[in-house]
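Encoded as structure tokens, the structure appears first; notes follow it.
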Amino acid sequence: MNVYIENIAAHEGQEVTIRGWLHNRRSSGKIHFLTVRDGTGFIQAVMSKAGVSPETFQQADHLSQETSLVLTGTARADSRAPGGFELDVKSLEVVAPAHEYPLTPKEHGVDYLMDRRHLWIRTERQHAVLRVRHEVVNAIRDFFNSRGFILADTPIFTPSACEGTTTLFPVQYFDDTTAYLTQSGQLYNEANAMALGRVYCFGPTFRAEKSKTRRHLTEFWMVEPEMAYATLDDVMTLGEELVSYVVGRALERRARELNVLQRDTAKLERVRPPFPRVSYDEAARILKDKGLPFEWGGDLGGTDETVLSEQFDRPVAVYGYPSAIKAFYMKPDPNRPDVSLSVDVLAPEGYGEIIGGGQRIDDYDLLLQRIKEHNLPQEAFEWYLDLRRYGSVPHAGFGMGVERVVSWICGLEHVRETIPYPRMLYRLYP
RNA sequence: UCCUCAGUAGCUCAAUGGCAGAGCAUCCGGCUGUUAACCGGAGGGUUGUAGGUUCGAGUCCUACCUGAGGAGCCA
């Protein structure tokens with residue numbers, strides 16, 4: 001019977017067949033240990049000279065790493081095995097050989113691994129990261145779907161830049177039109193929210209900044225909820241509940257993977273609502289007290305974010321950024337127009353901003369004024385202004401970057417491991 | 001775009017300005033409980049590129065190329 005390794009415990013004592021690849025091999029004169037993976041997990045298969053034909057034993061002596069093979073044998077619980085189970089091999093069928101596999105069991109450099117990303121993802125560590133990513137994505141969908149949000153995806157080709165063209169990837173759109181890859185679905189999200197109430201979009205996002213840090217990809221996945229009749233406060237609550245739910249799901253269903261990654265899960269167990277909420281003013285004061293050269297009016301730098309998040313044991317929401325450093329559509333605080341009804345959520349342990357959002361301008365005249373102030377082409381935003389012409393309501397939303405969340409949950413050094421094929425400044429292959 | 005660091009065997013790295021080496025991988029041999037197994041043997045090099053200094057350069061100098069980390073910018 002064909003069995004996946006992750007289900008092996010249900011077949012103890014039975015004869016099962018595992019179809020996979022050879023991950024590693026250790027041999028003695030009369031016994032072979034074959035570590036096999038099948039995508040669902042890893043298991044050590046034991047082949048003793050007495051248990052198989054001489055031809056099979058000889059064949060196993062020459063198997064190279066990543067040879068695809070089919071093994072049949074008896075599943076047996078064994079405390080010496082990392083997964084708790086071993087396979088006593090009765091027969092072996094080689095599907096296809098793998099000569100001179102480039103990734104050895106020893107260390108490799110980042111550049112070498114990135115050039116072979118399509119093979120790197122076969123390792124146990126990358127398996128674990130991608131499985132956590134899968135859980136995070138599913139948890140996000142489940143969270144919104146169970147709360148009445150409608151998935152309404154926004155276009156990836158967009159006609160013009162909503163926040164300036166320098167950070168967008170231009171693409172030729174048929175003969176003589178330039179389109180841009182989206183950097184946010186938010187403007188369309190607002191229209192969708194006016195139609196459907198509570199919506200979210202979830203897809204790839206593109207940023208053409210020549211940024212070179214461990215937190216940056218040029219192509220990443222972002223989930224963006226948007227709610228009609230909602231305020232900054234609603235968004236902060238939604239954000240902390242979303243983050244807490246996603247972390248909880250990873251802890252609950254991907255404990256094995258987090259263990260492979262040697263993640264200190266105690267730090268994740270603390271991620272529960274409510275999150276501390278700190279105004280930009282307070283944040284500026286904290287940073288000054290810590291001796292950082294921070295001036296009111298500027299954006300938080302990487303070091304600022306790290307120092308700030310270290311003051312708390314869970315993610316922290318920083319709200320009320322100066323209007324001048326936020327997007328043109330961010331609603332000013334009615335009591336204090338120099339700050340906006342905006343919020344960023346900073347992950348702990350120096351992982352930085354995972355959520356950015358806030359309440360949008362719902363007043364037609366103010367929005368038009370902002371568009372002009374930012375020298376944006378009004379005609380391109382007529383549809384967006386329509387949302388304020390026809391039954392405008394207070395509304396708010398945010399965007400959450402999937403890779404940064406996965407990177408934080410997994411405790412990784414760099415977001416590039418959180419997506420199968422990362423796109424970066426100098427990385428377009430494979 | 002700027003700053004810092006790195007580039008030597010297929011991979012990861014050593015080598016005081018003086019014979020270019022080790023581990024892993026590959027191939028051969030040994031070993032019945034290995035956990036990145038271990039033990040013995042073999043093959044494997046235009047030291048990123050181009051110049052320069054020197055009796056002599058992997059090592060020092062200059063430029064360039066490639067990559068990494070960070071800054072700015074961002075999720």
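In what follows, every heavy atom counts, from backbone to side chain, and hydrogens, waters and symmetry copies are set aside.
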Distance between [atom1] atoms of [N] and [M] (Å, rounded):
N: rC55(B); M: rG23(B); atom1: C1'; result: 36 Å
N: rG44(B); M: rA50(B); atom1: C1'; result: 27 Å
N: rU46(B); M: rU53(B); atom1: P; result: 26 Å
N: rU59(B); M: rG17(B); atom1: C1'; result: 7 Å
N: rA75(B); M: rG7(B); atom1: P; result: 36 Å
N: rG18(B); M: rC24(B); atom1: P; result: 28 Å
N: rC61(B); M: rU54(B); atom1: P; result: 16 Å
N: rG58(B); M: rU16(B); atom1: C1'; result: 13 Å

In whole angstrom, give the distance that lies between atom [atom1] of [X] and atom [atom2] of [N].
X: K49(A); N: rU34(B); atom1: NZ; atom2: P; result: 19 Å
X: F57(A); N: rC31(B); atom1: CZ; atom2: P; result: 10 Å
X: L103(A); N: rA36(B); atom1: CG; atom2: P; result: 17 Å
X: D115(A); N: rC11(B); atom1: CG; atom2: P; result: 11 Å
X: F169(A); N: rC74(B); atom1: CZ; atom2: P; result: 16 Å
X: H32(A); N: rU34(B); atom1: NE2; atom2: P; result: 16 Å
X: E124(A); N: rA36(B); atom1: CD; atom2: C1'; result: 12 Å
X: I325(A); N: rG72(B); atom1: CD1; atom2: P; result: 13 Å

Which nucleotide in the list [options] gets nearest to the side chain of [X]?
X: T303(A); options: rA75(B), rA71(B), rA68(B); value: rA71(B)
X: F220(A); options: rG10(B), rA75(B), rU26(B); value: rA75(B)
X: E305(A); options: rA68(B), rC74(B), rU32(B); value: rC74(B)
X: L217(A); options: rA75(B), rA71(B), rA25(B); value: rA75(B)
X: V110(A); options: rA75(B), rG10(B), rA68(B); value: rA68(B)
X: T104(A); options: rU32(B), rG33(B), rA25(B); value: rA25(B)
X: R215(A); options: rG72(B), rU32(B), rC74(B); value: rC74(B)
X: Y112(A); options: rG33(B), rU34(B), rU12(B); value: rU12(B)

Does [N] have a Watson-Crick or wobble partner in any strand here, with both distances under 3.5 angstrom, and which is it?
N: rA57(B); result: none
N: rG29(B); result: rC39(B)
N: rA22(B); result: rU12(B)
N: rA71(B); result: rU1(B)
N: rU47(B); result: none
N: rU66(B); result: rA6(B)

F143(A)/Y200(A) aromatic ring centres below 6.0 Å: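 They do not qualify: ring centres at least 6.0 Å apart.
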Sole residue of R254(A), R256(A), R141(A) in salt bridge (Lys or Arg N to Asp or Glu O under 4.0 Å) with E135(A):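 The residue from R254(A), R256(A), R141(A) that satisfies salt bridge (Lys or Arg N to Asp or Glu O under 4.0 Å) with E135(A) turns out to be R254(A).
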Contact under 4.0 Å: [X] side-chain N or O vs [N] OP1/OP2:
X: K212(A); N: rA68(B); result: yes
X: R416(A); N: rG69(B); result: yes
X: H414(A); N: rG69(B); result: yes

pi-stack flag for F33(A) and rG33(B), centroid dist under 5.5 Å, interplanar under 30°: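 By the stated criterion, F33(A) and rG33(B) do not stack.
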Scan [X] against the nucleic acid and name what it touches under 4.0 Å (heavy atoms): base, sugar-phosphate only, or nothing.
X: H216(A); answer: base
X: D299(A); answer: sugar-phosphate
X: M222(A); answer: sugar-phosphate
X: G352(A); answer: nothing
X: R125(A); answer: nothing
X: S27(A); answer: base

5' priority, RNA chain B, between T218(A) and M424(A) [closest heavy atom]: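 Comparing both residues, the 5'-ward one is M424(A).
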Of E353(A) and D111(A), the one whose closest RNA chain B nucleotide lies more 5':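 Checking each residue's closest nucleotide, the 5'-ward one belongs to D111(A).
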Cation-pi geometry met for R198(A) and F149(A) (6.0 Å, 45°):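 Checked: cation-pi criterion met.
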Cation over ring face, R116(A) and W120(A), 6.0 Å, 45°: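 No cation-pi geometry.
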Residues R131(A) and T40(A): side-chain donor-acceptor under 3.5 angstrom: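 T40(A) and R131(A) do not have a side-chain donor-acceptor pair below 3.5 Å.
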Between the base of [N] and the side chain of [X], is there any donor-acceptor pair under 3.5 Å?
X: S211(A); N: rG72(B); value: yes
X: R116(A); N: rC11(B); value: no
X: E86(A); N: rG33(B); value: yes

Option passing side-chain contact (heavy atoms from CB on, under 4.5 Å) with I18(A) (candidates T72(A), I5(A), L69(A), V89(A)):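 Answer after filtering T72(A), I5(A), L69(A), V89(A): I5(A).
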Exam field: side chain S64(A) to backbone A98(A), donor-acceptor pair closer than 3.5 Å: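 Checked: pair present.
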Euclidean distance, L168(A) CG relative to L181(A) CG, rounded to 0.5 Å: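 Rounded to the nearest 0.5 Å, the CG-CG separation comes to 8.0 Å.
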Pair R427(A) + D115(A): basic N to acidic O under 4.0 Å: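 Salt bridge present between R427(A) and D115(A).
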